Each structure stands twice: as C-alpha cells, then as structure tokens.
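Here is the structure we will look at, set down as structure tokens.
Source: prediction; values computed, not measured.
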Amino acid sequence: MKIYYTFLFVFFFGLAANCQSMSTTSNSVIKKEKKKKKKKRKKSKLPDIDLSHWKVTTPSGDGKKPYEVSPPEIMDYATNEKLIPYMYNDSSRGALVFHAYPSQATTRNTKYSRSELREQMIPGDNNTNWTFKQGGIMKGKLAIDEVTRGEDGKYHRVIIMQIHGRLTNEQRDLIGQDDNNAPPMLKIYWDKGKIRIKTKVLKNLNATETEMLHEDAWGNDEGFNFKEKVDFKKFTLEVQVSEGKMVIILNDNEYKVYENIHMSKWGIFENYFKAGNYFQSRDEGAFARVRYYNLEVKH
C-alpha cells in the first residue's frame with residue numbers, strides 16, 4: 001500500500017511539474033510573440049517633415065517640363081501615383097526618399113534632373129521669399145541611400161541642399177529678363193562620400209546694383225570640403241543665414257563660415273531654401289536615392 005501511495009505522489013507531482021513547465025513555456029511563447037508584434041509596430045515610422053511649405057519637382061513630366069506638386073496637394077504624396085516613384089516613405093527607416101535619374105524633364109537653365117523640394121514661405125506661392133538681412137535656418141538629417149558610379153569608377157555627385165537666389169518682379173523687369181531666376185548662392189554636394197560646399201563670388205566688386213542682378217556677374221568659388229567622410233551613414237546639415245553671413249555645420253561638429261564682401265553684396269537678392277536630390281549626371285542608367293529623416297526651416 002505504501003508503495004502504491006508513493007507511486008501516486010510521484011505521478012501527480014510529476015504531472016503538476018509538467019503542467020507548470022508547459023504553462024511557463026506557453027507564457028514564454030506568448031511574451032515572445034508580443035515582443036515581436038511590438039517590434040513590428042516600432043519598425044513602421046514616418047519622416048519628421050512638414051511639407052506644408054514645400055513644393056517638389058521630379059524627373060517626370062510631359063516633354064521637357066518636369067512634374068511639380070505644391071501645397072496642399074503635396075501633403076497627399078504617399079497616394080499620388082505620379083509622385084510615388086520619385087518621392088516616397090521608407091517606413092522601416094522613418095525617412096522620405098527622393099529618387100532621381102537623367103530624364104528629359106529638366107528645369108530651366110540646367111541639364112540635370114531632380115527630385116527636390118523648394119521652399120514656399122506662403123504655400124503655393126513662389127513670389128514671397130527672404131533676404132539675408134531677414135535671415136533663415138535650414139536643418140536636416142539625411143543619408144545617401146544609393147548612388148551609381150561613372151565610367152571612371154567614381155560615384156556620381158548629388159546636390160542635397162541649396163540656397164537659390166531670385167529676382168523680384170521689379171528687378172526682373174529692370175534688367176529685361178524673362179524670368180525671375182538668379183544664381184544659387186549655396187550648393188551643398190555629396191561628393192565621393194564627403195560633403196562639399198560651393199558658393200558664388202562677385203566678379204567685379206565695383207559693379208553697380210543693376211549690374212549685380214545679372215547672372216554672369218557672379219562666378220564660382222574654389223569650393224570647400226568638410227574633413228569628415230559621411231559615406232552612406234546618417235548625418236546632419238545645418239545652414240544658418242544672417243545679414244552678410246552664412247554658416248554651414250556638419251554633424252554639429254565641423255563649421256564653415258562665410259562672412260565677406262560677397263555675402264554682403266548678395267543681400268540684393270531674395271532667396272529660398274532647397275533640399276532633396278538634384279542629381280549631377282546625364283549618364284545612361286545612372287540614378288541616386290537620398291533619404292531625409294527630418295527637415296525644418298525657420299525664419
């Protein structure tokens with residue numbers, strides 16, 4: 001009898017232990033599944049970019065005129081079938097992707113195509129812009145997603161940020177120009193993994209205000225390369241503009257300051273910020289993709 005009770009005790013003890021083990025395993029599996037679901041939810045992210053003050057230009061379009069979308073239509077970019085190939089969300093990274101390649105749809109005065117944002121201080125209006133005296137700040141976190149190489153084996157260049165000049169209607173009429181285009185004061189390139197800056201310099205420092213309004217009155221400086229090589233990693237760029245001065249900051253670490261006669265003379269122009277992917281190649285089959293995680297402008 002004693003042996004019988006001992007057997008029953010061992011049997012039920014083992015059964016209880018097995019049930020507890022199964023319960024623990026079951027709980028463990030449930031917890032793991034919950035963690036997986038939580039991770040999946042966390043992976044879906046959106047870029048931190050307010051597009052209500054930006055117009056986009058893409059490589060697509062009818063004939064030579066590129067397809068452009070201004071506010072408020074740009075807010076629906078995620079469902080705009082014409083935009084999706086060139087401007088779309090990467091929800092796994094929380095980035096807005098700009099895709100560009102050489103197409104026939106280019107903007108005036110350039111042979112290159114772009115998928116690029118253009119600042120609009122008043123949504124839908126290109127005629128309201130800012131001067132260096134009024135100042136402004138543009139800051140973004142971005143990365144090069146992918147870019148092709150040329151026949152020489154070197155990566156194609158991409159302009160990722162700009163400050164573009166603009167003539168007022170009065171200035172345009174004064175010099176007899178048929179559009180409001182003025183030179184870009186700032187071009188920031190991704191160039192073989194490094195960040196390169198190009199600015200404009202006035203060729204004749206004694207030029208009159210009317211003479212300065214002409215595009216051919218301005219030339220290119222020698223350019224400047226930041227020391228850090230960003231390659232395909234995330235990085236931050238900040239552009240600070242004030243009267244007679246321009247500061248470009250890479251990763252809150254390296255600074256390039258422009259405070260000279262050329263910056264002062266540039267005060268004659270209005271300006272607007274640009275950001276995205278202005279692809280600098282006409283090679284067949286070439287392309288680039290740029291990811292923007294956040295982008296903000298202040299005035």
Side-chain angles (χ1 to χ4, degrees), residues 51 53-71 73-74 77 80 82-83 85-87 98-131 138 156-189 198-203 210-221 239 266 268-284 286-288 290 297:
L51 292 168
H53 289 269
W54 296 97
K55 174 182 81 171
V56 68
T57 301
T58 74
S60 69
D62 299 326
K64 290 188 175 183
K65 188 177 181 181
Y67 179 60
E68 297 184 336
V69 181
S70 299
E73 289 79 13
I74 194 173
Y77 70 93
N80 185 325
K82 286 186 178 180
L83 269 185
Y86 312 105
M87 176 182 165
F98 295 93
H99 173 80
Y101 66 95
S103 75
Q104 295 305 311
T106 61
T107 54
R108 191 168 181 172
N109 303 315
T110 181
K111 62 181 179 179
Y112 298 122
S113 302
R114 68 187 82 204
S115 179
E116 186 182 37
L117 297 172
R118 188 260 201 230
E119 179 191 13
Q120 291 186 323
M121 296 182 77
I122 297 177
D125 174 30
N126 287 337
N127 291 314
T128 304
N129 303 283
W130 49 270
T131 64
M138 175 168 61
H156 291 118
R157 295 194 307 169
V158 185
I159 295 176
I160 49 180
M161 282 186 178
Q162 295 191 75
I163 293 176
H164 212 291
R166 194 175 192 276
L167 298 171
T168 64
N169 291 341
E170 293 75 19
Q171 290 172 333
R172 177 200 64 198
D173 295 342
L174 177 64
I175 63 174
Q177 189 167 303
D178 61 356
D179 64 14
N180 297 83
N181 190 62
M185 168 41 77
L186 173 69
K187 289 183 178 181
I188 304 181
Y189 294 80
K198 293 284 289 180
T199 66
K200 291 294 181 183
V201 291
L202 187 60
K203 295 175 184 177
T210 302
E211 289 171 339
M212 285 192 290
L213 295 175
H214 292 272
E215 188 168 356
D216 58 9
W218 298 85
N220 296 315
D221 73 348
V239 180
W266 188 261
I268 195 171
F269 291 110
E270 289 188 346
N271 306 272
Y272 52 88
F273 286 120
K274 303 195 83 178
N277 177 359
Y278 182 17
F279 189 47
Q280 303 292 288
S281 174
R282 294 297 305 173
D283 289 355
E284 187 177 349
F287 70 91
V290 179
V297 165

Which residues share a side-chain contact (heavy atoms from CB on, under 4.5 Å) with A182, sequence neighbours left out: L167, F269
Side chain to side chain donor-acceptor pair (under 3.5 Å) involving R166 - partner list, sequence neighbours excluded: N127
Check: V158 and F98 side chains under 4.5 Å, non-hydrogen atoms: no
Separation between OH of Y278 and CG of L117, rounded to the nearest 0.5 Å: 15.0 Å
Heavy-atom side-chain contact between N181 and R108 under 4.5 Å: no
Ring centroid separation W130 to F273 under 6.0 Å: yes
Audit row: Q171, E270, side chain to side chain contact (heavy atoms under 4.5 Å, CB included) steps and yes/no: CA-CA 10 Å; Q171 290 172 333; E270 289 188 346; 5.7 Å; no
Side chains of E119 and W54 in contact at under 4.5 Å (non-hydrogen atoms): yes
Close side-chain approach of N126 to Y272, heavy-atom, < 4.5 Å: no
pair D125-Q120: side-chain heavy atoms closer than 4.5 Å: no
L51 side chain reached by P71 side chain, heavy atoms, under 4.5 Å: no
Inter-residue atom distance S113.OG - Q280.CD, 0.5 Å rounding: 10.5 Å
Within 6.0 angstrom of K82 NZ, more than 12 heavy atoms from elsewhere: no
Heavy-atom side-chain contact between Y86 and V56 under 4.5 Å: no
Audit row: T58, M87, side chain to side chain contact (heavy atoms under 4.5 Å, CB included) steps and yes/no: CA-CA 8 Å; T58 74; M87 176 182 165; 5.6 Å; no
Trace of the side chain to side chain contact (heavy atoms under 4.5 Å, CB included) decision for K200 with N220: CA-CA 5 Å; K200 291 294 181 183; N220 296 315; 2.8 Å; yes
Side chain to side chain contact (heavy atoms under 4.5 Å, CB included) partner of L174, chosen from T168, T210, N169: T210
Side chain to side chain contact (heavy atoms under 4.5 Å, CB included) assessment of T106 paired with R282: CA-CA 11 Å; T106 61; R282 294 297 305 173; 4.1 Å; yes
Distance in Å, T128 OG1 paired with I122 CD1, rounded so as to fall on 0.5 Å steps: 3.5 Å
Pairwise distance CG(D221) to OG1(T199) - rounded to 0.5 angstrom: 3.0 Å
Under 3.5 Å side-chain donor-acceptor pair for E215 and Q177: no
E68 and T57: side chain donor to acceptor below 3.5 Å: yes
F287 side chain reached by H99 side chain, heavy atoms, under 4.5 Å: yes
ring-ring contact (aromatic ring centres under 6.0 Å, His included) contacts touching residues 105-128 (sequence neighbours left out): none
Between NZ on residue K203 and CE on residue M212, distance to nearest 0.5 Å: 14.5 Å
